[in-house]
Amino acid sequence: MDALAPPGSGVEVYPGPAACDASSAVVVAPCPPPPGTGGGTQDQAAGLLRAADWALGLVQEWLAAPHLSRSRLVLVTSGAVHSADDGLPADGTGRGNDGRSGETTSVPLHTPVWGLVRSALRENPGRFALIDVDEHPDSWSALPALLAAAVPEAAVRRGTAYLPRLVPVAEAAPEPRKRRPLDPEGTVLVTGGTGSLGMLVARHLVTAHGVRHLLLAGRRGPDAPGARELVAELRGAGAQVAVRACDVADRNALAALLDTVPAAHPLTGVVHSAGVLDDGVVTALTADRLRRVLHPKADAALALHELTRGHDLAVFALFSSIAGTFGSAGQANYAAANCVLDALARHRRRLGLPGTSIAWGPWRQNDGMMAHLGDADRRRMARTGFGPLGPEEGLALFDAAVAGDEPVVVAARLAPSALRGGPTADRLRTPDADRGDGGGDRPGRAPAAAPPGEQSGLLLTKVRTLAARVLGHQEVASEIDEDTLLADLGLDSLAAVDLRNELAAWTGLALPSTLLFDFPTPRALATELTRRYAAEALPVGAASGDPVPPEAADAPGSPDRPADDGAGGGPRADARPHVRAQAADAPHAGEAPDSLGALFRTACARGQNWDGMALLTVAARLRPVFDGTGAPGATRGPVMLAAGGAGARLVCSPALSALSGPQEYARLGAGLRGLRPVSALRHPGFEPREALPATLAALVTAQTTAVRAASAEGRPVLLGRSAGGWVAHAVAERLQSEGAAPAAVVLVDTYPPVHADRGQAHSAMTSDMLRRAAEFASAEPDRLTAMARYFELFNDWKPAPLACPTLYVRARDPLPGTGCAPDWSLPHAEVTVPGDHFTVLEEHARTTALAIHRWLDGRV
């Protein structure tokens with residue numbers, strides 16, 4: 001930290017992302033130095049996991065901070081990657097990097113950070129970068145220039161910066177030394193030997209390398225599918241094969257396994273192909289999911305290295321992955337594990353031991369680690385520029401890799417367009433991005449140049465076209481209906497990342513990771529993108545209805561103008577960085593223990609829900625507000641969830657939780673598609689820089705304006721779930737007083753308002769809502785304080801009778817620890833539907849939708 005922000009330098013130091021200044025183009029976070037350990041395998045494995053978990057928490061906290069959407073986080077590691085200045089010994093002697101001949105040295109503990117962050121960068125272009133430094137003072141001096149250049153990766157050695165580059169093996173080693181062949185009388189251990197690739201390699205070792213003694217280790221041992229047939233096949237080819245169930249990451253179990261190798265056929269080769277996947281976008285990963293993937297891949301490799309040091313090995317091959325080399329969306333944990341394998345192979349070569357890590361591209365197979373891939377996954381893989389390897393092709397690459405001198409090789413089919421041109425290129429790009437380089441469709445150019453009246457239609461067409469491509473349809477807009485719920489077409493979390501990034505690159509807008517969650521249909525997406533374009537053109541402090549002078553909209557220094565180059569919201573490459581540093585000893589989640597969010601979470605964890613809510617309520621009173629006259633300007637346009645149908649339009653009010661929003665009605669809208677149109681409101685004040693309503697009357701004015709905008713063609717039906725029913729009822733009262741009563745009101749499991757003071761406990765339902773908000777809500781305070789403000793606004797509210805019909809939809813199943821919702825005291829009809837307070841709009845949404853439609857049909 002002192003090297004980055006010396007005392008008296010004026011460089012600001014923040015405890016975590018939540019505290020960072022939004023004006024910072026670049027924030028630098030040094031990875032914490034590794035603690036002193038005994039250096040054993042278990043210590044190494046724990047240290048690697050600890051570093052990966054620290055980086056994961058930091059990345060998640062960074063992405064959860066909307067005010068940093070235009071800032072880049074640069075993680076600085078030490079010794080985590082290899083550079084040209086870190087040459088291997090040319091004389092073949094065993095020399096560890098601690099200078100002691102033959103000593104075991106740790107794989108650098110920052111190593112997995114690179115795979116994890118590379119993958120996070122894949123999912124969030126422009127948001128992260130990596131720099132690895134040595135301890136030379138000139139290296140720290142070189143950092144400002146690197147930060148200004150905005151390179152995604154660099155290693156600095158003695159003040160010289162090195163950028164990553166792929167080099168053909170023939171170019172790297174034109175005259176490789178001849179490697180010692182495998183001794184037919186020796187034993188080769190294959191971990192993951194009963195898996196798809198392990199079996200393939202086992203056959204190849206017997207048929208192509210003449211191996212006659214194999215030890216295959218797998219989690220299920222001889223009970224694995226196909227294991228007995230493989231043994232019979234290889235024995236028929238003249239080989240002796242033993243299959244054992246073993247967790248090779250368990251040092252004791254591995255030692256016992258190695259003890260079974262007969263002295264007459266000593267261990268002469270190791271092929272480590274074991275591994276598991278637990279894919280998920282980086283924001284969904286946890287420490288347990290990191291551990292689950294690192295254990296069989298990285299921990300096992302370290303144990304193999306330690307326990308085979310006394311064996312005279314000809315081959316020590318590690319099955320790594322291009323996920324670690326290039327990053328892979330949805331595989332940050334797998335990428336982290338494979339970076340450890342690459343570092344271990346280099347470490348072994350420094351010790352004069354055999355070691356080859358093969359960073360495999362995808363194989364063409366229908367089982368093993370590829371078995372979980374569906375058509376959408378394979379299409380996504382093809383778009384990244386990697387074609388699958390056939391078995392014969394892959395095995396030929398295996399032979400070339402273990403026979404060569406390079407400790408780490410990439411074995412993959414790369415599309416010609418997958419790499420950028422230039423001498424330092426190894427950052428992948430998609431063929432789709434190459435097609436956009438012609439200039440006419442540069443990021444942001446087409447939508448920005450469209451006349452205002454045509455921009456919305458252009459965006460809707462592009463959204464539908466890109467969605468069709470991501471989902472594997474023909475690349476035409478007509479393939480995707482504008483009101484289709486994209487999740488119902490197979491848009492999983494990774495596809496949502498793809499579509500968000502495609503839209504960010506094409507529009508030049510910084511788009512949040514929750515975009516597809518909050519706006520789940522093409523029409524809703526296009527409407528939101530249109531709104532964001534309008535917002536980008538507003539100077540700071542301007543109301544949404546104020547005219548914007550052209551010079552303000554185009555000023556390059558305007559804080560609300562994009563500060564990126566169109567690559568998903570990252571800073572411009574030519575921008576001077578406003579460098580800030582983050583303390584390395586920040587809390588795990590990047591959230592200061594005394595921050596508002598952390599204190600609220602602590603209160604809920606202790607059962608002090610009232611105190612937590614009171615804290616948020618006081619904080620909310622300090623936020624900017626709007627009154628009745630400013631309500632029209634604070635109104636946010638409704639989100640269209642379904643179009644078409646002869647029934648009256650449903651206009652839905654989200655609940656008042658920090659987790660609520662239009663998305664909670666997405667499946668309800670899908671269930672009513674073709675029957676009646678459905679829109680959802682957005683409550684003002686839940687997003688950054690939005691003002692909160694000063695009074696309940698101001699809120700009702702804003703939402704009444706939004707309802708009128710959503711239903712200009714006729715009288716709407718107002719619907720709200722939970723406390724969203726309060727908003728729907730209050731707006732209905734206002735419309736009724738103005739002589740424009742809604743056609744009906746639908747309350748979905750809405751509890752009557754409870755007027756609690758400090759001497760009263762919250763209802764069980766409210767307590768459960770607060771617990772969920774504390775557990776899952778972003779660390780940013782906007783949504784938490786907005787939730788508290790809305791509950792305060794309704795503290796003294798009592799619903800008044802309505803002239804229009806009211807339907808109460810009751811959830812059949814109570815939540816654990818709660819009873820059914822109390823009776824609604826005003827006149828109403830009632831239906832009971834399957835599900836609990838939440839699932840009535842989730843897995844039971846179609847049933848709920850049809851029950852509402854049947855009741856409304858014939859009445860309105």
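When only modelled atom types and interatomic distance are considered, Arg122 and Asn501 share no side-chain donor-acceptor pair under 3.5 Å. A donor-acceptor contact closer than 3.5 angstrom links the side chains of Thr77 and Trp114.
Without hydrogens or angle criteria, Asp53 side chain to Leu49 main chain gives no donor-acceptor distance under 3.5 Å. Although no hydrogens or angles enter the test, the distance criterion places a donor-acceptor pair under 3.5 Å between the side chain of Arg349 and the main chain of Gly355. Side-chain atoms of Arg50 never come within 3.5 Å of backbone atoms of Leu109 as a donor-acceptor pair (strictly under, hydrogens ignored). Checked by atom type and distance alone, the side chain of Arg346 never pairs as donor or acceptor with a backbone atom of Val107 at under 3.5 Å. Formation of a donor-acceptor pair under 3.5 Å by the Glu123 side chain with backbone atoms of Val282 is found in this model. Although no hydrogens or angles enter the test, the distance criterion places a donor-acceptor pair under 3.5 Å between the side chain of Ser139 and the main chain of Gly159. Checking side-chain atoms of Thr111 against main-chain N and O of Ala343 turns up no donor-acceptor pair under 3.5 Å. Using a distance-only test at 3.5 Å, with no hydrogens or angles considered, no donor-acceptor pair links the side chain of Ser273 to the main chain of Phe319. Distance alone, capped at 3.5 Å, is enough to place a donor-acceptor pair between the Arg118 side chain and the Gly324 backbone. One N or O on the side chain of His110 and one on the backbone of Pro32 form a donor-acceptor pair closer than 3.5 Å.
Scanning all heavy atoms of the two residues, the minimum distance from Pro108 to Ala80 falls at CB-CA, 4.1 Å. The two residues Val248 and Ala303 come nearest to each other via the heavy atoms O-CB, 3.8 Å. Residue Val151 comes nearest to Ala129 through the heavy atom pair O-CB, 3.7 Å, listed as atom of the first residue, atom of the second, then distance. Residue Gly275 comes nearest to Lys297 through the heavy atom pair CA-CE, 4.1 Å, listed as atom of the first residue, atom of the second, then distance. The two atoms that bring Leu121 and Gly126 nearest to each other are CD1-N, 3.6 Å, heavy atoms only. Residues Pro17 and Leu68 come closest through the heavy atom pair O-CD1, 3.4 Å.
The distance from the CG atom of Leu302 to the NE2 atom of His347 is 9.0 Å, given to the nearest 0.5 Å. A distance of 10.5 Å separates CG of Leu341 from CD1 of Ile358, quoted to the nearest 0.5 Å. Considering CH2 of Trp62 and SG of Cys20, their distance stands at 5.5 Å, rounded to 0.5 Å. Note: Leu254 CG to Leu307 CG = 5.0 Å, rounded to the nearest 0.5 Å. Note that the CD atom of Glu153 and the CG atom of Leu163 stand 9.5 Å from one another [nearest 0.5 Å]. The structure places CG of Asp138 at 9.5 Å from CZ of Arg158, a figure rounded to the nearest 0.5 Å.
Between Thr308 and His311, the closest side-chain pair of non-hydrogen atoms falls below 4.5 Å. Within the 4.5 Å cutoff, the side chain of Tyr162 has no heavy atoms near those of the Val81 side chain. In this structure, the side chains of Leu116 and Asn333 stay at 4.5 Å or more apart for every pair of heavy atoms. Side-chain atoms of Phe316 and Thr356, non-hydrogen and from C-beta on, never get closer than 4.5 Å to each other. Val156 has its side chain out of reach of Asp132: every pair of non-hydrogen atoms, C-beta onward, lies at least 4.5 Å apart. Contact check for Ser321 versus Asn338: side-chain heavy atoms found under the 4.5 Å cut-off. In this structure, Pro112 and Cys339 have side chains that are not in contact, with every pair of non-hydrogen atoms separated by 4.5 Å or more. Considering only heavy atoms from C-beta on, Leu353 comes within 4.5 Å of His305 through its side chain.
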Ignoring hydrogens and angles, write down the donor-acceptor pairs under 3.5 Å from the side chains of residues 408-415, residues two or more places apart or on other chains.
residue: Arg413; atom: NH1; partner: Glu393; partner atom: OE1; Å: 3.3
residue: Arg413; atom: NH1; partner: Glu393; partner atom: OE2; Å: 2.7

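The salt bridge (Lys or Arg N to Asp or Glu O under 4.0 Å) search around Asp342 returns none, not counting sequence neighbours.
The pair Asp288-Arg291 meets the salt-bridge criterion, with a side-chain N (NZ, NE, NH1 or NH2) lying under 4.0 Å from an Asp/Glu carboxylate O.
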